[in-house]
Amino acid sequence: MKLLFIHSDHLEFEAKQKAGGGDLAETDGVPMEGRMEECVTVFTTVESGDEEDLDAVVDNAATELRDVADQLNTTNVVLYPYAHLSEDLAGPDAAKTVMRNLEAELTGEFDVLRSPFGWYKSFEVSCKGHPLSELSRHVSAHRDEEKDPEETEEREPSDWHVMTPDGDLQGAVGAKSDVNEDMQAFIEDEVEGIEKGAGDEPPHIELMKEKSLVGYDELSDVGNLRWYPRGKLVRDCLMEYVNDLVVEYGGMPVETPIMYDLGARAIDEHAGKFGERQYRFESGDRRMMLRFAACFGQFSIMRDMYISENDLPLRVYEMSTYSFRREQRGEVAGLKRLRAFTMPDMHTATEDMAQAREELVAQAKLALQTSEDLGINYEPAIRMTREFFEENREWVQEVVDDLGKPALIEVLPERHHYWSAKIDFAAIDGLGRPIENPTVQIDVESAERFGIEYHDGEGSHHTPILHYSPSGGIERVLAAILENTATMDTPRLPTWLSPTQVRFIPVQDHVEYCDELVDRLAERNLRADVDDRDESVGKRIARAETDWVPYYVVVGDREVEGDTLGVNVRETGEELDMSVEELLETVDEDVGELPRKRRYLPKHLSKHPNFTGN
RNA sequence: GCCUCGGUAGCUUAGAGGUAAAGCGCGUCCUUGGUAAGGACGAGAGCCCGGGUUCAAAUCCCGGCCGAGGCUCCA
């Protein structure tokens, strides 16, 4: 809601003509003309985000108004509906409700004159012109806890348990002694609300800058990152990894638009559920939004398809570059929380709840596999409504057994969101705080809202739909990987993600020989480069160390003339004698089946520009 | 969004009303090096942006932008 306060000598209005059609114009309970002296005139625009909680908006607006009236030392208030303060209007019914309720809220405390909604009106206002006589405020539907202590009581707290693979269920806090360190940290954060690492910067933020991977860009909005070649390579490898994994599983890749028309009912409803955290804008005469996940486009595809029961489960997949969430300013942090992020997103239309449950487990297990490949430890949390838990208790036990590790169990008294059950996986960062990454959820609402149906011999049916991200957002995956490095003796990336996998350091002018070795590695799609700079050996080795190169080799007369290389293995700090062939084999095995992309930077270090780490 | 702290060379930081510093990096030269940083010289600064106070502002004040942390939040 937008409010424009004018401290006025007087305000006078007269309704002239109804605006819009139907019963838009208010006729009952408001005067058609009026005048007030020595007042604060409040031009008011109710916005779409306010519809989330009209009572909260009224309360917050009243608070602002009291504050302003107090400063201006007046008790006369004119409430004047004025659509032109925002481009994102609430529906007329909501707007009228807010105006009426605000009037009711203020009456008694103030002398209130309200001007009617939905009319073209003439008005005259005389602004006093002192420094505080024109003020504007933005009020949201967000409840401030301090102002409304009773509000926090409203949502009943969840029950928390830990379930072990053998089916044993116990209270989460009591189970802490039986689980590993990460799960303990997870319970402390989720259940006990214990803050850890207060005041410290998470290590990944400095690393992403220092290693020239990712940086901020002041010319963009907050939480929109830029990727330098080294980071871009890591990012592309991660994306390729996830794409391959999902396609292998049976996801069918698509690509869908990043912006949607809020004029479409299904879009408006789906978007409306998620409150204010969206990028919204006008384009021509349309109100648009940027997607916050790939649901919109994929649901739209499914809606337009003729889906036979034989097509189920139907898995539509997309690497959403980008999804957008306008997180609050102070919530955005490093790679952990962004406004523009990259979410691998698959939606699966299923025949019925039985198939949905089956898919949920299979997809959860696939998520756990990324844990292996990425070297990130994940702790699972199964969250569901009490109703779901009671109906599916045995099945939940099977799930935990299948996942093969203890799971945090959250039982919600009632359904708040579109899902009835979901499984999240959390990595624990260097400060003991969770980074929630993969997730799979059973959505019981969207098929109906978007008109997604499948057809069998009998007729058509709405489908339960799974939302799935096998890895979580790509940026968060990198955050988790970098956080991991902070606890290592020798911090490093896995070889398959290292921008340079092998570096050669020539002495006695053996650059050409090194170039040949680079080419031999390239034949196997392995990334090598040559530090041909005119620097001391010690200095170039220091550079290989700070560049986190997993294998580096000094190449001089001995190597060119002999048949072994002294290969420095960063992980162990050992120098091993290997033939060229052995080096190739070692690196080859190290990368294994994981993606192999070409180098993004020149072969010679002397040609590497310094990208600023910002 | 609110609160606290910060923004000085490409990077990391020192300085605190009166001519703007250092290390790293960069350039040139010397060194032709054998496993974590060889030497010399040099270039490089709208001191985040906009206002204000002052003879004088990077420095003090106000507003904004960006970053970190805290609150809230992550659908």
Side-chain angles (χ1 to χ4, degrees), chain A residues 52 60 137-147 151-152 190 193 195 197-202 205-206 209-212 215-224 270-278 292-293 295 323 325-334 336-339 341 343 415-419 422 424 426 431 433-437 439 441 443 445 467 472-473 476 490 503 505-510 531 533-547 549 552-559 565-568 570 573-575 606 608-614:
Chain A
E52 200 184 316
N60 292 341
R137 295 288 165 90
H138 181 206
V139 169
S140 75
H142 177 68
R143 289 269 183 190
D144 193 332
E145 245 181 84
E146 283 172 353
K147 286 178 196 157
E151 278 296 312
T152 54
E190 281 272 319
E195 280 300 324
D200 294 336
E201 181 171 305
I205 295 181
E206 198 181 331
K209 294 188 276 191
E210 188 186 299
K211 300 296 172 192
S212 283
Y216 300 115
D217 190 338
E218 289 192 14
L219 301 184
S220 180
D221 190 20
V222 172
N224 286 249
H270 193 59
K273 284 188 81 89
F274 299 139
E276 293 202 313
R277 304 187 163 218
Q278 295 164 30
F292 48 81
C295 309
S323 285
R325 298 182 187 184
R326 243 186 68 94
E327 304 290 5
Q328 292 188 74
R329 190 71 177 65
E331 291 165 356
V332 174
K336 218 172 156 177
R337 193 84 173 273
L338 294 165
R339 284 187 172 177
F341 59 98
M343 180 68 86
R415 186 154 67 85
H416 303 304
H417 309 305
Y418 56 76
W419 50 269
K422 68 168 178 168
D424 298 326
L431 302 176
R433 297 193 270 209
I435 304 177
E436 295 208 354
N437 272 349
T439 181
Q441 316 168 349
D443 175 353
E445 285 185 11
H467 299 246
R476 279 192 178 179
T490 307
R503 173 160 303 159
I505 299 169
V507 288
Q508 292 121 18
D509 212 17
H510 288 301
D531 193 346
R533 295 172 309 148
D534 183 21
E535 296 289 355
S536 68
V537 174
K539 197 161 184 179
R540 285 181 287 167
I541 284 172
R543 172 69 177 264
E545 290 286 341
T546 55
D547 282 354
V549 178
Y552 58 87
V553 188
V554 177
V555 178
D557 292 340
R558 293 208 293 272
E559 285 72 20
L565 303 173
V567 178
N568 293 271
R570 245 195 103 238
E574 289 174 301
E575 183 178 335
S606 64
H608 285 204
N610 278 327
F611 286 90
T612 147
N614 191 1

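Quick note on labels: first sequence line is chain A, next is B, and so on, each numbered from 1.
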Assign a letter to each nucleotide of nucleotides 38-46 of chain B from its 5' end: B, base within under 4.0 Å of a protein heavy atom; S, sugar-phosphate only; -, no contact.
S--------
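Distance noted for atom P between B:U4 and B:A45: 36 Å (whole Å). Nucleotides B:U35 and B:C47, compared at atom P, are 46 Å apart to the nearest Å. Comparing B:U72 with B:G17, their P atoms sit 39 Å apart, to the nearest whole Å. Rounded to the nearest Å, the gap between the P atom of B:G42 and that of B:A22 is 11 Å. Nucleotides B:G25 and B:C11, compared at atom C1', are 7 Å apart to the nearest Å. Comparing the same atom, P, in B:G10 and in B:G27 gives a spacing of 15 Å after rounding to whole Å. Rounded to whole Å, the separation between the P atoms of B:U28 and B:G69 comes to 40 Å. Atom C1' of B:G51 sits at a distance of 29 Å from the matching atom of B:A14, rounded to the whole Å.
Atom C1' of nucleotide B:C26 and atom CZ of A:F611 are separated by 15 Å, given to the nearest angstrom. Between A:I505 atom CD1 and B:G33 atom C1' the separation is 12 Å, expressed in whole Å. One can place CG of A:L565 at 14 Å from C1' of B:U35, the figure rounded to the nearest angstrom. Rounded to an integer number of Å, the gap from CZ of A:R543 to P of B:G34 is 21 Å. At whole-Å resolution of the value, CD1 in A:I541 and P in B:G33 are 15 Å apart. With rounding to whole Å, A:E436 atom CD is found 14 Å from B:C73 atom P. Per the geometry, CZ belonging to A:R533 stands 14 Å off C1' belonging to B:G33, to the nearest Å. Taking atom CZ of A:F341 as the reference point, atom P of B:A75 lies 10 Å away to the nearest angstrom.
A:D557 comes within 4.0 angstrom of a base, heavy atoms only. Nucleic acid contact class of A:Q441 (heavy atoms, under 4.0 Å, all strands): none. Counting any heavy atom pair closer than 4.0 Å across all strands shown, A:R476 reaches a base atom. In this structure, A:N610 reaches the sugar-phosphate backbone alone: every heavy-atom distance under 4.0 Å involves primed, P, OP1 or OP2 atoms, never a base. Using a 4.0 Å heavy-atom distance criterion, A:R558 is classed as a base contact.
For the pair A:R503 and A:D547, the salt-bridge criterion is met [side-chain N within less than 4.0 Å of a carboxylate O]. Using a 4.0 Å cut-off between charged side-chain N and carboxylate O, A:E331 and A:R325 make no salt bridge. Using a 4.0 Å cut-off between charged side-chain N and carboxylate O, A:D221 and A:R339 make a salt bridge.
The partner of B:C29 is B:G39, by the rule that a Watson-Crick or G-U pair needs both atom distances under 3.5 Å. Of all nucleotides present, only B:C11 satisfies the Watson-Crick or G-U wobble test against B:G23, with each distance under 3.5 Å. In this entry B:C73 has no Watson-Crick or G-U wobble partner, no candidate having both defining distances under 3.5 Å. Under the Watson-Crick or G-U wobble criterion, with both distances below 3.5 Å, B:A68 is paired with B:U4. Using N1 to N3 plus N6-O4 or O6-N4 for Watson-Crick, or N1-O2 and O6-N3 for G-U wobble, each under 3.5 Å, B:C47 pairs with nothing. The nucleotide B:C55 finds its pairing partner in B:G18, both defining distances of the Watson-Crick or G-U wobble pair being shorter than 3.5 Å. Base pairing of B:G34: no nucleotide in any strand meets the Watson-Crick or G-U wobble criterion (both distances under 3.5 Å).
Legend: residues meeting salt bridge (charged side-chain N to carboxylate O under 4.0 Å, His left out) with A:R433, ordered by chain and number and at least two apart, are absent.
For B:U32, the base has no donor-acceptor partner in the side chain of A:Q508 [N/O atoms by modelled type, under 3.5 angstrom]. Remark: the A:R325 side chain and the B:A75 base include a donor-acceptor N/O pair separated by less than 3.5 Å.
The environment of CD in A:E206 is sparse: at most 12 heavy-atom neighbours from other residues, nucleotides or ligands sit within 6.0 Å.
Note: A:Y418 OH to A:D443 CG = 6.5 Å, rounded to the nearest 0.5 Å. Within the model, atoms NZ of A:K539 and CG of A:D534 stand 10.5 Å from one another, a figure rounded to the nearest 0.5 Å. To the nearest 0.5 Å, the span separating CZ on A:F292 from CD on A:Q278 amounts to 5.5 Å. Rounded to the nearest 0.5 Å, atoms CG (A:N437) and CZ (A:R476) are 6.5 Å apart. Atoms CE and OG1, on A:M343 and A:T439 in that order, are 8.0 Å from each other to the nearest 0.5 Å.
Taking only side-chain atoms of A:E545, from C-beta outward, the nucleotide of B:G34, B:G1, B:A36 with the closest atom is B:A36.
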What verdict does the side chain to side chain contact (heavy atoms under 4.5 Å, CB included) test give for A:D557 and A:H510, after you've listed the backbone C-alpha separation in whole Å, the side-chain angles of each residue and the deciding distance to 0.1 Å?
CA-CA 8 Å; A:D557 292 340; A:H510 288 301; 2.6 Å; yes
A:E190 and A:E436: CA distance, side-chain angles, deciding distance, side chain to side chain contact (heavy atoms under 4.5 Å, CB included) verdict
CA-CA 11 Å; A:E190 281 272 319; A:E436 295 208 354; 3.3 Å; yes
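Along RNA chain B, the nucleotide nearest A:R326 and the nucleotide nearest A:T490 are compared for position; the residue whose nucleotide lies closer to the 5' end is A:R326. Nearest-nucleotide assignment on RNA chain B puts the 5′-proximal partner with A:V537, out of A:V537 and A:Y418.
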Please enumerate all protein N or O atoms sitting under 3.5 Å from an N or O of nucleotides 67-70 of chain B, with distances to 0.1 Å.
residue: B:G67; atom: OP2; partner: A:R329; partner atom: NH1; Å: 3.2
residue: B:G67; atom: OP2; partner: A:R329; partner atom: NH2; Å: 3.1
residue: B:G67; atom: O3'; partner: A:Y216; partner atom: OH; Å: 3.4
residue: B:A68; atom: OP1; partner: A:Y216; partner atom: OH; Å: 2.4
residue: B:A68; atom: OP1; partner: A:G334; partner atom: N; Å: 3.3
residue: B:G69; atom: O3'; partner: A:G199; partner atom: N; Å: 3.4
residue: B:G70; atom: OP1; partner: A:R433; partner atom: NH1; Å: 2.7

